[in-house]
Colleague: 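Mind having a look at this structure? Questions to follow.
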Amino acid sequence: NFVIINHDDKYYTTYALLGKILVAKGQFIPTGEKVGTSDSDGIVKFELRLGREPLDPVKWIRIDSF
């Protein structure tokens, strides 16, 4: 199970290995809304991309927001 979120046709976030997807194709997703849940192993693969170029998410994500 895999979700790609398009952020203004420039940045993209991807979520892979989801146990369940909670959003639909073409859906607008507000900030903070859950896109899915992990499988029983608790692992979700997250990527941040500028176009097709992968970016280091540590430079972009505020850990204190969790």
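What's counted below: heavy atoms across the whole structure, side chains too, no hydrogens, waters or symmetry copies.
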Colleague: Residues in side-chain hydrogen bond (donor to acceptor under 3.5 Å, both in side chains) with Asp8, at least two apart?
Modeller: none

Colleague: Of all residues at least two apart in sequence or in a different chain, which pass the ring-ring contact (aromatic ring centres under 6.0 Å, His included) check with Phe2?
Modeller: none

Colleague: Could you tabulate the donor-acceptor pairs under 3.5 Å formed by side-chain atoms of residues 46-53, not counting sequence neighbours?
Modeller:
| residue | atom | partner | partner atom | Å |
| --- | --- | --- | --- | --- |
| Glu47 | OE1 | Arg49 | NE | 3.0 |
| Glu47 | OE1 | Arg49 | NH2 | 3.0 |
| Glu47 | OE2 | Lys45 | NZ | 3.3 |
| Arg49 | NH1 | Arg52 | O | 2.6 |

Colleague: Quick one, Tyr15 and Ile5 - any side-chain contact, counting heavy atoms below 4.5 Å?
Modeller: yes

Colleague: Kindly list each side-chain donor-acceptor pair under 3.5 angstrom involving residues 17-39, sequence neighbours excluded, with atom names and distances?
Modeller:
| residue | atom | partner | partner atom | Å |
| --- | --- | --- | --- | --- |
| Gln27 | OE1 | Ala24 | N | 2.8 |
| Gln27 | NE2 | Glu33 | OE2 | 3.1 |

Colleague: Is there a path of hydrophobic side-chain contacts, each under 4.5 Å between heavy atoms of I, L, V, M, F, W or Y residues, that connects Trp60 with Val3?
Modeller: yes

Colleague: For Asn6, enumerate each residue passing the side-chain hydrogen bond (donor to acceptor under 3.5 Å, both in side chains) test, keeping only those at least two apart in sequence or located in another chain.
Modeller: Asp9

Colleague: Apply ring-ring contact (aromatic ring centres under 6.0 Å, His included) to Tyr12 and list each qualifying residue two or more places apart in sequence or on a separate chain.
Modeller: none

